[in-house]
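First up is the structure itself, then whatever we jot down about it.
Just so we're clear, the structure is a prediction, and the values are computed from it rather than from any experiment. Residue numbering restarts at 1 for every chain, and letters A, B, ... go by the order of the sequence lines.
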2 protein chains.
Amino acid sequence: MTIAARHVEPTEPADAALRPDIHTARVPRLCRACEARHRGICGALDPAELLRLGRTSTRQTYAAGTTLIAAGERAEHCSNILSGVVKLSKLLADGRQQVVALQFAPDFVGRPFAGDSDVLVEAATDLRVCSFPRRMLETMMTASPAFEARMHRQALRQLDEAREWMMALGRKSAAERVATFLVILSRHAAAPDGRRAGEIDLPLCRADIADFLGLTAETVSRQLTALRRQGVVDVVRSRHVTIRDPAALLCVAAM
Amino acid sequence: MTIAARHVEPTEPADAALRPDIHTARVPRLCRACEARHRGICGALDPAELLRLGRTSTRQTYAAGTTLIAAGERAEHCSNILSGVVKLSKLLADGRQQVVALQFAPDFVGRPFAGDSDVLVEAATDLRVCSFPRRMLETMMTASPAFEARMHRQALRQLDEAREWMMALGRKSAAERVATFLVILSRHAAAPDGRRAGEIDLPLCRADIADFLGLTAETVSRQLTALRRQGVVDVVRSRHVTIRDPAALLCVAAM
DNA sequence: CGTTTGTTTGAGCCTTCTCAAAGGCTGTGG
DNA sequence: CCACAGCCTTTGAGAAGGCTCAAACAAACG
């Protein structure tokens, strides 16, 4: 494993997690404060299971750009994203790159069942995750059908997202792809009530956005300035986007 | 449901499937002769479960071009493909189309859990399937962890395939995409020993191939003639392809 | 303040698309 | 069996969108 900037936060003292109580199995303190607890994979676990998983899990942070799992490598750890964005990409022998997915909190990173899936996993932004051994994942999957079902659902959701992007990559113009990218980001930055966010911090540099959209960095830049000139968005310091006209953006995105 | 050409084959008589025997649960005769039985989803079921599923399942045939499930529609039936090819595609409001997956025997068609996935499901070729009510799928998934796991694995496999195609759509040239398409088809037409098939019957017309590859029918045609001129493949009557130089094909495919 | 890295903008080129026409199969009816 | 219609495929010529290469600009960092 080539992890450049890995920093383990001070974890819950073991005795606190293990201390017997009136309730035989309490939710670990680490998990109680966890942002991802209910929405993520862990939401399927009861307190006893959570305790068991929590005992082996640690919070970690990675700096933007860090490689979490090299292509073809089999990860020994799985993670829940607490904050930040994870980039999954594929490489061709000659160096061409395609970003095949972005993952946001509270997504789960890591693959059930044996096969490696030959993607490169990197921290797109600074990242905080809750990490645990891969072995635990398999244990939980066999022990808890609800957990397995939730993993299954996540896989199906990712499949839908991948197919949505196939449409963009195969049939949409550069302008449409850039607009679609902004729409999707705004969904993820959205408030919990489902309203889309008007303010987006782009998690990727132009080159990475281009690798996601199947374009070049120059084309992405040009399309963004076009959107700016049309008054659809505002761009500040190249990474912060304000959506001024959401309806127009959706229209340009062909969605 | 708009099913144009649906033909229900005579099924196993109910009493034969239900007849008690020395073995409390025998494998239904329909399933015993089934090509997809061991490789497909059903392989995870024990004879009792298979009997239960078999009681509600029927073999059906569809003519090429038939719509199995319209986009956005929730299917009441699921199917195992026995022979033929199923095409999953997405449509844009203005009519642009992207084929997001091809499925071959013994793949499973139909979606576990509620959500519709907004794809159009069509028979690309003449099709034989083993079909059963969606309700049974949910029953089997909760009853049999092995069945649920197999469904989960199929979802992950489809996710890998989708991402592989994202690479092709986003980063490969027209020539590379067409070659990649042939390589993938040859894998599916391959003998069970894993050797790739040198003879391929294209399951799609040029326009559909184009919709899969994110190209136009004209470009697909031109690239195929280019491969023919280079001596890499032979094309007979536009639908039958012989791979003359597998190594060169792989090379052109950038794989 | 200079260096480095990322972004924007421009000019010309190349791949692929669009539009158009001709060529081949397939099926139908005489 | 042949003629013809209809559809799919092939091929060509010109247009256009996005790419490449290059340079100017901006922001981050030591």
So side-chain hydrogen bond (donor to acceptor under 3.5 Å, both in side chains) across residues 200-210 of chain A, not counting sequence neighbours, yields K87(A)-D208(A), D201(A)-H240(A)
Rounded to whole Å, CZ of R96(A) lies from C1' of dT20(D) at a distance of 15 Å
Over 60° means perpendicular and under 30° means parallel, so tell me whether H188(A) and F104(A) are parallel, tilted or perpendicular.
parallel
Sorted by chain and residue number, the ring-ring contact (aromatic ring centres under 6.0 Å, His included) partners of F132(B) (sequence neighbours excluded) come out as none
In numerical order, the residues of residues 86-94 of chain A whose heavy atoms come under 4.0 Å of DNA chain C are none
With a 4.5 Å heavy-atom cut-off, do T61(A) and D126(A) have their side chains touching?
no
Side-chain N,O (T219(B)) to OP1/OP2 (dT16(C)) below 4.0 Å: no
Report yes if some heavy atom in the side chain of E218(B) is under 4.5 Å from a heavy atom in the side chain of R222(B); otherwise report no. yes
What residues 199-217 of chain B contributes to the DNA chain C interface at heavy-atom separation below 4.0 Å is G214(B), L215(B), T216(B)
Worksheet item: Within the side chain of T180(A), is there an N or O that forms a donor-acceptor pair under 3.5 Å with the backbone of A253(A)?
Response: yes
Contacts table for residues 226-237 of chain A: side-chain donor-acceptor under 3.5 angstrom, sequence neighbours left out:
unit_1, atom_1, unit_2, atom_2, d
Q230(A), NE2, A226(A), O, 3.4
D234(A), OD2, R244(A), NH1, 3.2

Side-chain contact test, heavy atoms from C-beta onward, threshold under 4.5 Å: evaluate it for Q103(B) versus E161(B) and give yes or no.
no
Q223(B) CD to dC17(C) C1', in whole Å, measures 13 Å
*Spell out, as yes or no, whether a donor-acceptor pair under 3.5 Å connects the side chain of Q98(A) to the backbone of F212(A).*
yes
To the nearest angstrom, the CD-P distance between E218(B) and dA16(D) comes to 17 Å
Here the distance between atom P of dT7(C) and atom CZ of R222(A), to the nearest Å, is 14 Å
- [ ] May I ask you to test the L169(A)-R177(A) pair for a side-chain heavy-atom distance under 4.5 Å?
- [x] yes
When rounded to whole Å, the CZ to P distance for the pair R171(B) and dT16(C) reads 14 Å
Sorted by number, residues from residues 224-240 of chain B placing a heavy atom under 4.0 Å from DNA chain C are R237(B)
Looking only at heavy atoms, the pair that brings L82(B) and C34(B) closest together is CD2-SG, 3.6 Å
